[in-house]
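So you know, we letter chains A, B, ... as the sequences are listed, proteins then strands, and number each from 1.
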There are 2 protein chains.
Amino acid sequence: MKKAMNCFPSQSTEERIKEAARQVFLEKGFDGATSRDIAEAAGINIALTNYYFRSKEKLFVTIFEEITEFFFTGMSAILNKPISLREKIAELIEHDFRMLRENPRLINFILNEVHRNPERMGKMIGLQKVLHHSMLDEQVQREVRQGTIRPISSMHLMTMMVSNIHFLFVSKPMTTQIWNMTEDEFTKFADAHKNLVIDMVTNYLFESEKA
Amino acid sequence: MKKAMNCFPSQSTEERIKEAARQVFLEKGFDGATSRDIAEAAGINIALTNYYFRSKEKLFVTIFEEITEFFFTGMSAILNKPISLREKIAELIEHDFRMLRENPRLINFILNEVHRNPERMGKMIGLQKVLHHSMLDEQVQREVRQGTIRPISSMHLMTMMVSNIHFLFVSKPMTTQIWNMTEDEFTKFADAHKNLVIDMVTNYLFESEKA
DNA sequence: CAAGATTTTAAATGTTTGTTTAAAAAAACT
DNA sequence: AGTTTTTTTAAACAAACATTTAAAATCTTG
């Protein structure tokens, strides 16, 4: 009935399983990952994955929800920051870029698993509310009314920002393969492209008020 | 030793298997698709998939190479068309948009399978040559030299165009789910966004020669 | 039509999969 | 200490998997 003490070990078994599952699921997806892959990566017996989590599916859902929450939380924090639209665009792009540079498989993982089981995303209503009622909406509408930016909806603006950054990492395996890029070369290219995107989006948006 | 006549049936068994495999692999990916899925979709016995193609893997490679060739052929044709840069940008975007509107899973499929096995793309050297020596390169360099467009490499330009269109479809499952969109609403949104992208890219690129 | 080649089928192959079991080991408690 | 609870293990489980087999059905051809 009581929880184990487990005073000193650097990680509890449960946490080690979760960390291994995160790594393996991110790399191979739900279909490509096996329970044995995860157990091996965690250095534990196969039966333990089902002892702590009841099934591969349940373990996956746990991981998936943690990852998507991590993914969206940083974004929505920036969307609701009390800063100018110009700053917000740059900050959001820089944030997503940093996040995906550190976790290149993140976006692919989420997109694939949402496709495999769309209801999963539908159930995370917490995230939906956050995204639907962000400060960005009002901000864009106000600036459009004032004529300081082109007429555009916040949805199109979000899509513009996100597409240009996220696709860099979604397509990273193909890009590096086709252009024979090393990891370093890709990093440099991606960084340069990120700056280009900030420049392009802001220039396009604020064109009417140019110098 | 001889090939079957098979005069009238609308499709040969081999072609029916390939068509079913195309559909199932596109929808579920290699890991998610089973031989039985494909056989059932084709309406044939399971053993026939291994009779005509030697294994699931071999069948997959056949499908994969056909699909990637289809994917890149149209693109490279436009890249080498003798038209102005402005026209080329619009045509490429329109082409990719049409292609992915008809086959929304195409881009996801290719990107995932390249990640799962990067060597596959490395072996398709035919496509690599085509992409590396396109007319777009010289065209961009010339216009940059003449100062008619911003200084930019063709690689960044390609990435800009492709990201904005392809990501629309890569993220379609998540977009429709988060914003509770119907198929029609998504189509309309995507179409509007495509036009926005053409406007943004050309405006940004040709900004120096504005009206 | 009959012999031979090709195609299709039902059944079985051996693996790998996720999951369970029952006993052993470790930890916690009185 | 000894007893109970929790954690870990090796082994086994049935189901699903890709693939093979061998016989049946179909088609081709002389």
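The side chain to side chain donor-acceptor pair (under 3.5 Å) analysis of residues 51-61 of chain A, with sequence neighbours excluded, yields the pairs A/E57-A/R120. Sorted by first then second residue, the salt bridge (charged side-chain N to carboxylate O under 4.0 Å, His left out) pairs that include residues 34-46 of chain A, not counting sequence neighbours, are A/K28-A/D37. Counting only residues at least two apart or on different chains, the salt bridge (charged side-chain N to carboxylate O under 4.0 Å, His left out) pairs with a member in residues 165-189 of chain A are A/K172-A/E183. Residue pairs meeting the ring pair (Phe, Tyr, Trp, His ring centres under 6.0 Å) criterion with at least one partner in residues 154-176 of chain A, sequence neighbours excluded, are A/F71-A/H166, A/F97-A/F169, A/H156-B/F189, A/H156-B/H193, A/H166-B/F167, A/F167-B/H166.
Contacts of B/R105 classified as salt bridge (Lys or Arg N to Asp or Glu O under 4.0 Å), with partners at least two apart in sequence or in another chain: none. With sequence neighbours excluded, the residues satisfying side chain to side chain contact (heavy atoms under 4.5 Å, CB included) with B/E91 are B/I78, B/K81, B/I83. In this structure, A/E65 has no salt bridge (Lys or Arg N to Asp or Glu O under 4.0 Å) partners at least two apart in sequence or on a different chain.
In this structure, the CG atom of B/L48 is 15 Å from the P atom of D/dA18, given to the nearest Å. Rounded to an integer number of Å, the gap from NZ of B/K28 to P of D/dA16 is 13 Å. Regarding B/I44, its CD1 atom lies at a distance of 10 Å from the C1' atom of C/dT8, rounded to whole Å. Atom CD in A/E40 sits roughly 14 Å away from atom P in D/dA10 (whole-Å rounding).
Side-chain contact check for A/T68 versus A/E113: every heavy-atom pair is 4.5 Å or farther apart.
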Using a cutoff of under 3.5 Å, can you pull out all pairs of nitrogen or oxygen atoms linking the protein to nucleotides 22-26 of chain C, with atom names and distances?
none

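The residue A/Y52 sits close only to the backbone: its heavy atoms come under 4.0 Å of sugar-phosphate atoms, none of a base.
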Summary of protein contacts for nucleotides 10-20 of chain C, nucleotide by nucleotide, where a base hit scores B, a sugar-phosphate-only hit scores S (4.0 Å, heavy atoms): B------BBBB

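Residue B/T13 places at least one side-chain N or O under 4.0 Å from the OP1 or OP2 atom of C/dT8.
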